[in-house]
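Right, one structure below, let's go through it.
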Amino acid sequence: MAGSSSLDALVQALRRLPGVGIKSAQRMAFHLLQHDREGARMLARALAQAADNIKHCELCHTFTESAICSTCLDERRDHSKLCVVETPADQSALERTAAYKGLYFVLMGKLSPLDGIGPKDIGLQKLFARATDGVVQEVILATNFTAEGEATAHVIGEALKSRGLQVTRLARGVPAGSELEYVDLGTIAHALVDRR
């Protein structure tokens, strides 16, 4: 393996994936080269095509190949509701529930002062412009329940409330089908506070 710059480049490229360390990257590279060269070529083509063709929707900021994504163009959706999520993966999770029929705004991140990520880095001005377009009546904050997600929701919520919009937050609490004795205390406390 000494002097194999192509193999080293492949391993280093695979290491860019979240949660993939040197050993995992080497295992993946060896598998593709030893057992699935056609899969490696297919992966390379798909990555190149996605990197070249996928951009951000001009309205909601999610990933799309068009200027405006199919969700934003869907006239059957409720345009008076705007759900704010951190990532396209979060949007996809909400869509899989089939419980929400409004529109989205994807932040592509969250506020994290320790990491140097501020309001300009996640496009809050674009969100505020979208939310105050005269059509949106309710903004649903669906950021994650982490410290950064909570801070992001708080900043957005306060800014939108001051602009006269109705702002709601995803509920949190005890998962369906769980037993209280096995649920963490923080979840139980939030469920009590957010009870209905």
Side-chain angles (χ1 to χ4, degrees), residues 16-19 46-173 175 187 190-191 193-196:
R16 295 182 70 109
L17 295 170
L47 280 170
Q49 185 175 356
D52 290 342
N53 297 330
I54 295 176
K55 53 189 163 235
H56 294 286
C57 173
E58 293 174 5
L59 295 177
C60 75
H61 210 230
T62 196
F63 291 136
T64 182
E65 290 189 43
S66 307
I68 298 175
C69 72
S70 59
T71 302
C72 288
L73 290 173
D74 189 347
E75 290 299 321
R76 296 170 296 175
R77 298 192 80 97
D78 184 350
H79 289 241
S80 70
K81 291 184 178 19
L82 185 67
C83 184
V84 178
V85 295
E86 291 179 19
T87 67
D90 296 336
Q91 178 186 2
S92 179
L94 284 170
E95 280 295 287
R96 285 193 306 272
T97 69
Y100 177 70
K101 299 297 180 195
L103 298 177
Y104 294 93
F105 188 88
V106 182
L107 296 170
M108 294 292 175
K110 58 192 171 274
L111 295 175
S112 181
L114 293 176
D115 297 321
I117 300 172
K120 291 179 182 174
D121 299 309
I122 60 172
L124 290 190
Q125 290 308 316
K126 189 172 183 177
L127 165 62
F128 298 152
R130 174 85 189 273
T132 58
D133 65 359
V135 177
V136 173
Q137 295 174 6
E138 178 187 4
V139 176
I140 302 162
L141 300 175
T143 56
N144 293 313
F145 291 105
T146 61
E148 294 90 354
E150 291 285 358
T152 303
H154 177 74
V155 168
I156 293 170
E158 292 301 312
L160 292 176
K161 284 177 191 172
S162 72
R163 289 169 168 82
L165 283 163
Q166 177 187 4
V167 179
T168 57
R169 179 85 166 108
L170 280 188
R172 56 186 161 190
T187 299
H190 285 296
V193 170
D194 296 338
R195 70 188 181 279
R196 54 184 170 116

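Nothing fancy with the numbering, it's 1 onward along the sequence. Computed from a predicted structure; not experimentally measured.
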**OP:** Assess whether side-chain contact (heavy atoms from CB on, under 4.5 Å) is satisfied between Leu107 and Leu124, documenting all intermediate values.
**Re:** CA-CA 8 Å; Leu107 296 170; Leu124 290 190; 3.9 Å; yes
**OP:** Name all residues meeting the side chain to side chain contact (heavy atoms under 4.5 Å, CB included) criterion together with Arg16; count only those two or more places apart in sequence or in a different chain, and write none if there are none.
**Re:** none
Looking only at atom types and distance, does a side-chain atom of [X] sit under 3.5 Å from a main-chain N or O of [Y], one as donor and one as acceptor?
{"X": "Thr152", "Y": "Glu148", "answer": "yes"}
{"X": "Ser112", "Y": "Ile117", "answer": "no"}
{"X": "His61", "Y": "Phe105", "answer": "no"}

Ignoring hydrogens, what is the shortest heavy-atom contact between [X] and [Y]? Give both atom names and the distance.
{"X": "Thr62", "Y": "Met108", "answer": "CA-CE, 4.0 Å"}
{"X": "Ala131", "Y": "Val136", "answer": "O-CB, 3.4 Å"}
{"X": "Ala159", "Y": "Phe128", "answer": "CB-CZ, 3.5 Å"}
{"X": "Cys57", "Y": "Ile68", "answer": "SG-CA, 3.7 Å"}
{"X": "Lys110", "Y": "Ile122", "answer": "N-CG2, 3.7 Å"}
{"X": "Ala153", "Y": "Thr143", "answer": "CB-OG1, 3.4 Å"}

Would you check if [X] and [Y] make a side-chain contact, meaning some heavy-atom pair closer than 4.5 Å?
{"X": "Val106", "Y": "Phe63", "result": "no"}
{"X": "Cys72", "Y": "Arg130", "result": "yes"}
{"X": "Leu82", "Y": "Leu165", "result": "no"}
{"X": "Tyr104", "Y": "Thr71", "result": "yes"}
{"X": "Leu103", "Y": "Leu59", "result": "no"}

Original post:
Hey, mind stepping through Arg169 and Phe145 against side-chain contact (heavy atoms from CB on, under 4.5 Å) and telling me if it holds?
Top reply: CA-CA 10 Å; Arg169 179 85 166 108; Phe145 291 105; 3.5 Å; yes
Subject >> Gap between atom OG1 of Thr97 and atom CG of Leu94 - 0.5 Å precision >> reply: 6.0 Å
Subject >> Distance in Å, Asn144 CG paired with Arg172 CZ, rounded so as to fall on 0.5 Å steps >> reply: 12.0 Å
**OP:** State whether the number of non-hydrogen atoms from other residues, nucleotides or ligands found under 6.0 Å of His154 atom NE2 is greater than 12.
**Re:** no
Original post:
Restricting to pairs with a member in residues 70-79, which pass salt bridge (charged side-chain N to carboxylate O under 4.0 Å, His left out), not counting sequence neighbours?
Top reply: Asp74-Arg76, Arg77-Glu95, Asp78-Lys81
**OP:** Output every pair passing salt bridge (charged side-chain N to carboxylate O under 4.0 Å, His left out) with a member in residues 158-168, not counting sequence neighbours, ordered by first then second residue.
**Re:** none
Original post:
Is it true that Glu58 and Lys126 have a side-chain N and a carboxylate O under 4.0 angstrom from each other?
Top reply: no
